[in-house]
Amino acid sequence: MVTLSLVLLLLSVQWSWAQEDPLLPFSEHLDLEHKVRLKWGFDEIQGSILFELTVNTSGWVSFGFSPKGGMTGADIVIGGVGPKGSYFTDRHAVGNSMPVVDQQQNYKLLSLTESDGKTVMKFQRSIKACDENDLIITNLPMKLIYAYGQTDEIEYHSTRRGTKELNLLKYMPRVNPPNSKYFDMTMINFTVPANQTHYHCKIMKAPTFDRKQHIYRIEPLITNFDLVHHLLLYRCPASVTEAFEAECYTSLRTNLCMETVAVWGVGGGAFEFPEVAGLPIGGHVSDFFYRLEVHYNNANKSRGRVDNSGLRFYYTSELRQHDAAVLGTGLVVAPWYAIPPKAKSFLTYGLCDTAYIPTVLETPHDLQVFSVMLHTHLAGRKVRVGHFRGEKQIDFLAADENYDFAYQDVTNLGKTKTVKLGDKLLVECTYNTENRSTLTWGGLSTSDEMCLAFLFYYPAMNLSGCMSFPNTTTLRSEMGTPGLNTWLNMMSTKTWNDTSINQYQQTLKRIDQLVIIVDSFKNTSRNTGLIPNLSVIPSAPCISGCNTKNLAWLLLLLCLLVQFMQKYY
């Protein structure tokens, strides 16, 4: 009885993990009959992708990638659980015949089970191609193929096959709940000023709902693609009780609303939340006002242009498991942060130390981060978000080694990453100012610079920002110019070359930082911290070999546990 109970408990835990595995956030049925289901997740930094294929059969199953949707040239794996145990091989097809076993096995089997007429095969491979028989997994839609048999004798599949095209690395689920509706929050006939940069803010109320709804999809509504650089929607505190419209950051009323709710950047598209989370609206947040911020980049200083840009929010009363939220991290957007001219690769840093979150929140918790939007202006070339735990870097939360100002999208991380309270996040931005002859300052203009990472996470907290800024008093003292005016004069007249640029960069990194935590109600915590060293992103090695030991180890541990309980209980 003890053994049976433990087995049932183990199966229950495994089933729970399978249902809510943060490493497998995406799911699609590959066939119309819903007999073949693929779940997957990926890590572009590690260069790996994880699959779980579930097929309604007790026979062999196969999955692969095809150049044109057929067998010829396909990269395939075949596996199953037969009378002698599990089998799994990496193969390639040369035509409409039995796929050939690859000499180099570049798929790693993690588990293979068969029960209740279903076969579940979980495996991993490299995103890149590791030999001539592998197909690289690209950022474009790919043709996936599958087939299966009714027995473990691998033979012609007959009609038990199919093809489906999916963009695995840029997956955008399209969920259409039966009661789905939408509302828009936009500018209304706003005449864009003939200025190179203008931030316009509109405080408005969202539709009123009797009970909480979940927003599951956000789409940009852009009237002038050549003018609109980015959109931000902030939730206002309860103290904001009326509509208002003005240039941003010129009125105290626009400065009050700072809890980021939605983000869109130039070149980006629609954004869909994962199945487990949605952006809450209605219920306890039904009476809140929101601030829509539109950054107009009017490079040609055109006159008389009218704009109605904003965001469309799709929502449903079918609530999801978690409320989602957005946390702003990086370098505080403020003056007195200077990037020197003639720099090939200048680094700036913004530190978020989550150990200080409890100083502004009564019930803080870990963050489950699933998407991120990285943001700089014209001089930005790279953005990385390092993840530290216990003074040691454990991962890159996100990274863009080829940042493009004209393409700023909310990027799904490919899997859900846990940021524990006490972890540190370091946003590192790389700038190139070789074509500039004067200092570039931190600021709002497109010709100024920013270094930000907006993290989409769940469960939601009343948290607005977790950022840092160098201690300017220490900076001026370290550079031998304690007075502000003296420092400004020195910075503007300094001869900037590789040596002086590097010295300044190292000083900025070495000195103490002011770490700022802000909650939804403008309560602020100010602390100090130091910038940790960020490691270089390693090149992802090819995954090879088959690992069928996991289940055996699990069973061995179970047997030892049973023996222990029988002996002592």
Side-chain angles (χ1 to χ4, degrees), residues 195-199 228-232 248-249 260 263-268 293-299 328-352 372-386 398-409 425-454 465-472 475 479 487-488 491-492 494 496 500-509 511 513-514 516 531 534:
N195 303 324
Q196 182 176 349
T197 294
H198 180 82
Y199 282 73
V228 179
H229 174 262
H230 73 247
L231 303 170
L232 284 165
C248 301
Y249 310 110
T260 307
V263 184
W264 175 87
V266 60
E293 172 183 305
V294 182
H295 175 193
Y296 294 100
N297 180 32
N298 191 353
T329 64
L331 183 63
V332 173
V333 180
W336 319 130
Y337 197 104
I339 300 171
K342 302 177 183 179
K344 297 178 182 178
S345 181
F346 187 83
L347 302 178
T348 68
Y349 302 93
L351 178 66
C352 168
V372 63
M373 179 180 172
L374 307 175
H375 181 69
T376 77
H377 286 173
L378 290 169
R381 296 296 181 269
K382 297 180 182 180
V383 185
R384 298 170 174 172
V385 184
D400 189 340
E401 298 294 293
N402 298 283
Y403 180 83
D404 188 344
F405 173 79
Y407 186 78
Q408 302 180 41
D409 207 358
L425 301 175
L426 182 65
V427 184
E428 176 196 80
C429 294
T430 303
Y431 303 95
N432 182 289
T433 59
E434 287 181 289
N435 62 347
R436 300 189 181 190
S437 56
T438 59
L439 294 167
T440 299
W441 295 95
L444 299 175
S445 172
T446 306
S447 58
D448 296 331
E449 269 307 335
M450 297 182 179
C451 179
L452 300 172
F454 295 95
C466 181
M467 301 181 178
S468 75
F469 197 80
N471 186 322
T472 54
L475 175 63
M479 299 185 74
W487 180 77
L488 288 172
M491 291 291 289
S492 60
K494 190 177 184 67
W496 293 104
S500 59
I501 290 171
N502 184 63
Q503 289 175 344
Y504 175 56
Q505 178 179 285
Q506 292 303 317
T507 301
L508 281 172
K509 181 182 178 184
I511 64 175
Q513 309 289 313
L514 177 62
I516 301 173
I531 300 297
L534 196 64

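Numbering starts at 1 and runs along the sequence shown.
- Separation of atoms CH2 (Trp441) and CD (Glu449) is listed at 14.0 Å; rounding is to 0.5 Å.
- When all heavy atoms of Val427 and Cys451 are compared, the closest pair comes out as CG1-SG, 3.8 Å.
- Side-chain contact between Val385 and Leu374 is present, with at least one heavy-atom pair separated by less than 4.5 Å.
- Distance CG/Asn297 to CD/Gln196: 6.5 Å, rounded to 0.5 Å.
- For the pair Lys494 and Ser500, the tightest heavy-atom approach, listed with the atom from each and the gap, is CE-CB, 3.8 Å.
- Less than 6.0 angstrom separates the ring centroid of Tyr504 from the ring centroid of Trp496.
- Here Arg436 contributes atom CZ and Leu378 contributes atom CG; the two are 6.0 Å apart, rounded to the nearest 0.5 Å.
- A donor-acceptor pair under 3.5 Å links the side-chain atoms of Gln513 to the main chain of Leu508, judged by distance alone.
- The two residues Leu452 and Cys429 come nearest to each other via the heavy atoms N-SG, 4.4 Å.
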side-chain contact (heavy atoms from CB on, under 4.5 Å) assessment of Gln408 paired with Thr376: CA-CA 9 Å; Gln408 302 180 41; Thr376 77; over 6 Å; no
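- For His230 and Tyr199, the distance between ring centers is under 6.0 angstrom.
- How far CE of Met479 is from CE of Met491: 5.0 Å, rounded to the nearest 0.5 Å.
- Residues Val372 and Ala398 come closest through the heavy atom pair CG1-CB, 3.5 Å.
- Nearest heavy-atom pair across Ala338 and Leu439 is CB-CD2, 4.3 Å.
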Evaluation steps, side-chain contact (heavy atoms from CB on, under 4.5 Å), between Thr472 and Tyr337: CA-CA 9 Å; Thr472 54; Tyr337 197 104; over 6 Å; no
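- Listed by chain and residue number, nothing satisfies the salt bridge (Lys or Arg N to Asp or Glu O under 4.0 Å) test with Lys509 (two or more places apart in sequence, or in another chain).
- Between Ile531 and Leu351 the shortest side-chain heavy-atom distance falls below 4.5 Å.
- Evaluation of the salt bridge (Lys or Arg N to Asp or Glu O under 4.0 Å) test over residues 372-385, restricted to residues two or more places apart or in two chains, returns Lys382-Glu401, Arg384-Glu401, Arg384-Glu428.
- Counting only heavy atoms from C-beta outward, the side chains of Asp448 and Pro335 never approach each other to under 4.5 Å.
- The backbone N or O of Ser345 sits nowhere less than 3.5 Å from a side-chain atom of Thr430 that would complete a donor-acceptor pair.
- Residues Pro341 and Ile501 come closest through the heavy atom pair O-CD1, 3.5 Å.
- Considering only heavy atoms from C-beta on, Leu514 stays 4.5 Å or farther from Pro470 through its side chain.
- Using a 4.5 Å heavy-atom cutoff, the side chains of Leu232 and Thr260 are in contact.
- Expressed to the nearest 0.5 Å, how far CG of Asn298 lies from OG1 of Thr197 amounts to 9.0 Å.
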Working for side-chain contact (heavy atoms from CB on, under 4.5 Å), residues Val294 and His198: CA-CA 8 Å; Val294 182; His198 180 82; over 6 Å; no
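- Here the side chains of Val383 and His375 are not in contact, with every heavy-atom distance at 4.5 Å or above.
- The 12-atom threshold is not exceeded at CG of Asn402, counting heavy atoms of other residues, nucleotides or ligands nearer than 6.0 Å.
- Ring centers of His377 and Tyr431: at least 6.0 Å apart, outside the cut-off.
- Taking OG1 from Thr507 and CG from Leu475, the interatomic distance works out to 7.0 Å, rounded to the nearest 0.5 Å.
- Side chain of Asn432 to main chain of Lys344: a donor-acceptor pair is present (N/O by atom type, distance under 3.5 Å, no hydrogens or angles).
- Side-chain atoms of Gln505 come within 3.5 Å of backbone atoms of Leu347 as a donor-acceptor pair (strictly under, hydrogens ignored).
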